[in-house]
Number of protein chains: 2
Amino acid sequence: MPSSVQRKRIRKDPADRRAEIVAAAAGIALTEGLECITLRRIGEELDVRPGLISHYFPAVEDLVAEAFGHAASAELDALIPAGRTDGTPTRHLARFFAHATGQAYDNISRLWLNARHLSRYRPVLSDRVVAQEAAWRERLEGLIRDGVGRGEFRTDDPLVAAIRILVVLDGLGAHANTDTGNRPPAIRRRRQHRGA
Amino acid sequence: MPSSVQRKRIRKDPADRRAEIVAAAAGIALTEGLECITLRRIGEELDVRPGLISHYFPAVEDLVAEAFGHAASAELDALIPAGRTDGTPTRHLARFFAHATGQAYDNISRLWLNARHLSRYRPVLSDRVVAQEAAWRERLEGLIRDGVGRGEFRTDDPLVAAIRILVVLDGLGAHANTDTGNRPPAIRRRRQHRGA
DNA sequence: CAAGCTATTGAGTGTGCGACCAATAAGCAA
DNA sequence: TTGCTTATTGGTCGCACACTCAATAGCTTG
């Protein structure tokens with residue numbers, strides 16, 4: 001009868017189980033950090049033996065990379081929806097800045113910081129990071145290009161403008177783990193977008 | 001007679017030994033990363049038993065923090081000398097930019113990235129990072145303030161200008177582990193300094 | 001209902017880590 | 001030279017990790 005002493009096995013469809021593992025790992029990555037993605041930790045999260053995680057991901061590094069990709073691309077979709085049809089570019093960009101400079105974005109900043117550092121040791125993760133960087137850049141560039149087309153923004157080079165925005169965002173996000181909360185207002189204040 | 005099978009003990013002055021340990025740890029931190037600062041690794045580096053490192057640093061975390069502080073403050077001194085008497089602020093700032101955007105700075109970028117991430121888990125290190133951030137900010141602010149006093153730069157708020165520079169530098173440095181080397185020239189090109 | 005496929009478990013291996021401590025010997029002082 | 005202080009060693013302990021694999025049991029199919 002005891003639920004913990006003898007647990008009933010739950011046998012799931014492999015695809016579902018795999019997705020479940022990735023989702024759990026992505027959650028851990030966001031809240032606790034990528035190095036907390038261990039066979040034991042994920043197994044505990046899903047109430048499953050560590051060996052099962054190994055079964056789906058023979059090398060943990062692959063799960064780490066997958067988890068990062070999952071979390072990062074989900075966040076990107078939330079930040080700048082993929083198939084924008086509603087709203088103006090200006091409105092979308094404003095939403096982007098509002099979210100990306102808010103406190104709720106701290107976990108994402110931490111994740112990027114985490115992933116960029118860990119990339120030093122994990123080639124598979126590194127590839128994912130590079131891919132996500134490209135995805136974010138392209139999505140933002142597309143938005144800016146759209147705005148330029150509609151006469152809402154002015155810039156000679158939407159790609160460079162996008163990169164500049166992302167660089168500043170990365171620079172601000174670098175302090176997500178150490179910030180004591182006393183940024184000068186001039187830094188905290190959202191920048192006006194401005195041509196190249 | 002074999003040097004490795006039975007090593008002659010070398011007994012050093014505690015202060016010297018301690019400094020030696022910190023220097024070795026700082027070197028490892030720069031080249032291999034802060035998580036490679038282990039009792040075994042540092043002991044090997046100095047050809048000494050791991051227990052000795054424990055003797056000087058009962059908690060490894062303290063050594064990690066010390067090593068980071070050592071490396072970071074040494075780099076700051078190399079970047080912007082403490083007691084500037086030679087050269088103009090413009091020249092010093094130019095030197096600063098030249099060095100901080102060069103490839104030789106990659107190890108420093110990696111170290112900052114490393115430290116900022118690890119700060120998430122290591123409070124002692126976190127304090128050091130905050131302190132070094134302040135030191136860098138103040139040193140750069142002093143340089144800018146000097147330049148403003150001499151009429152070489154123009155800005156209403158040297159502190160904000162310094163922070164902006166550092167934020168961009170952090171943003172660029174975030175990619176030290178993943179960069180594939182194909183940055184658009186417009187991003188690579190050193191920015192002109194410009195008033196607030 | 002029976003049989004087979006395979007998702008899941010349980011148990012074990014080897015590695016590297018920080019921490020701890022009694023024993024040892026280097027160098028200084030008497 | 002002798003003796004003392006203490007820097008240094010060698011060994012050990014417990015823990016967490018990834019990875020492996022034979023045994024087990026849930027589900028589906030005939």
Side-chain angles (χ1 to χ4, degrees), chain A residues 1-25 28-29 32-67 114 118 121-125, chain B residues 1-25 28-29 32-67 114 118 121-125:
Chain A
M1 214 74 28
S3 66
S4 45
V5 51
Q6 185 55 12
R7 337 165 326 85
K8 174 156 168 55
R9 289 190 186 183
I10 299 176
R11 191 188 175 100
K12 296 195 173 176
D13 178 85
D16 293 349
R17 184 63 97 181
R18 190 188 164 92
E20 188 184 40
I21 291 174
V22 171
I28 302 282
E32 305 174 21
L34 291 166
E35 29 278 283
C36 292
I37 298 181
T38 69
L39 301 180
R40 287 164 178 75
R41 183 70 188 81
I42 305 298
E44 171 193 335
E45 193 72 11
L46 298 176
D47 196 35
V48 136
R49 301 297 115 210
L52 185 61
I53 314 298
S54 268
H55 176 69
Y56 287 92
F57 291 89
V60 190
E61 178 173 0
D62 293 334
L63 174 56
V64 172
E66 190 83 11
N114 194 170
L118 212 56
Y121 307 106
R122 314 237 156 140
V124 186
L125 175 60
Chain B
M1 224 59 39
S3 65
S4 44
V5 50
Q6 185 54 12
R7 337 165 327 85
K8 174 155 170 52
R9 290 189 185 184
I10 300 175
R11 190 187 176 99
K12 297 196 172 175
D13 178 85
D16 293 350
R17 184 63 97 181
R18 189 188 164 91
E20 188 184 39
I21 291 173
V22 171
I28 302 282
E32 304 175 20
L34 291 166
E35 29 278 284
C36 292
I37 298 182
T38 68
L39 301 179
R40 287 163 177 79
R41 182 71 187 82
I42 304 298
E44 170 193 336
E45 193 72 11
L46 298 176
D47 196 35
V48 135
R49 301 297 115 208
L52 186 61
I53 313 298
S54 268
H55 175 69
Y56 286 93
F57 291 89
V60 190
E61 177 172 2
D62 293 333
L63 174 56
V64 172
E66 190 83 11
N114 194 169
L118 212 57
Y121 307 106
R122 313 239 156 140
V124 187
L125 175 61

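So that the names make sense, note that chain A is the first sequence line, chain B the second, and so on, each numbered from 1. Atoms considered below: every heavy atom in the structure, side chains included; atoms not considered: hydrogens, waters and symmetry mates.
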Can you list the residues that meet the ring-ring contact (aromatic ring centres under 6.0 Å, His included) rule with A/Tyr56, with sequence neighbours excluded? none
Is there any protein nitrogen or oxygen under 3.5 Å from a nitrogen or oxygen in nucleotides 2-5 of chain D, and what are the pairs?
none

Do you know the tightest heavy-atom contact between A/Val22 and A/Phe57? CG2-CZ, 3.7 Å
Measure the spacing between CD1 of A/Ile21 and NE2 of A/His55 and express it to the nearest 0.5 Å. 9.0 Å
Whole-Å distance, A/Ile42 CD1 to D/dA16 P, equals 17 Å
Evaluate the side-chain proximity of A/Leu125 to A/Leu34: yes if any heavy-atom separation is below 4.5 Å, no if none is. yes
Review item, nucleotides 21-23 of chain D N/O atoms under 3.5 Å of protein N/O:
none

Quickly work out the B/Leu39 CG to D/dT9 P distance and round it to whole Å. 13 Å
Rounded to whole Å, the CG-P distance (A/Asp47 to C/dT8) equals 12 Å
In whole angstrom, what separates A/Leu52's CG from C/dT6's P? 16 Å
Contacts of type salt bridge (charged side-chain N to carboxylate O under 4.0 Å, His left out), residue B/Glu61, not counting sequence neighbours: none
Touch check for A/Pro50, heavy atoms < 4.0 angstrom, all strands: base, sugar-phosphate only, or nothing? nothing
At a heavy-atom distance below 4.0 Å, what parts of residues 54-65 of chain B sit against DNA chain C? B/Pro58, B/Ala59, B/Val60
Report all interatomic pairs (protein N or O, nucleotide N or O of nucleotides 1-3 of chain C) with separations under 3.5 Å.
none

Check residues 38-45 of chain A and write down every donor-acceptor pair under 3.5 Å in which the side-chain atom is one partner and the other belongs to a residue at least two apart or another chain.
from: A/Thr38; atom 1: OG1; to: A/Arg41; atom 2: N; distance (Å): 3.0
from: A/Arg41; atom 1: NE; to: A/Glu32; atom 2: OE1; distance (Å): 3.2
from: A/Arg41; atom 1: NH1; to: A/Glu45; atom 2: OE1; distance (Å): 2.8
from: A/Arg41; atom 1: NH2; to: A/Glu32; atom 2: OE2; distance (Å): 2.7
from: A/Arg41; atom 1: NH2; to: A/Glu45; atom 2: OE1; distance (Å): 3.3

Taking the nucleotide of DNA chain D with the nearest heavy atom to each, does B/Ile10 or B/Arg40 sit closer to the 5' end? B/Ile10
Which of the following nucleotides, C/dT8, D/dT9, C/dG27, is nearest to the side chain of B/Lys8? C/dG27
Taking only residues at least two apart or on different chains, which pairs with a member in residues 16-25 of chain A satisfy side chain to side chain donor-acceptor pair (under 3.5 Å)? A/Lys12-A/Glu20, A/Arg17-A/Glu20
Shortest non-hydrogen separation from B/Ala25 to B/Ile37 and the atoms involved: O-CD1, 3.6 Å
C/dA7 phosphate, OP1 or OP2, under 4.0 Å from A/Arg18 side-chain N/O: no
By nearest-nucleotide position on DNA chain C, the 5'-leaning member of B/Glu35 and A/Lys12 is A/Lys12
Mind checking side chain to side chain donor-acceptor pair (under 3.5 Å) for A/Glu66 and listing every partner two or more places apart, or none if nothing turns up? A/Arg128
How would you label the contact of A/Ile53 with the nucleic acid (heavy atoms, under 4.0 Å): base, sugar-phosphate, or nothing? nothing
Heavy-atom nearest pair, B/Ala24 first then B/Leu46, reads CB-CD2, 3.9 Å
Nearest to the side chain of B/Arg49, which nucleotide is it out of D/dT8, D/dT9, C/dT9? D/dT9
What are the two closest non-hydrogen atoms of A/Tyr121 and B/Gly33, and how far apart are they? OH-CA, 3.3 Å
Rounded to whole Å, please give me the gap between CD in B/Glu20 and P in D/dA7. 14 Å
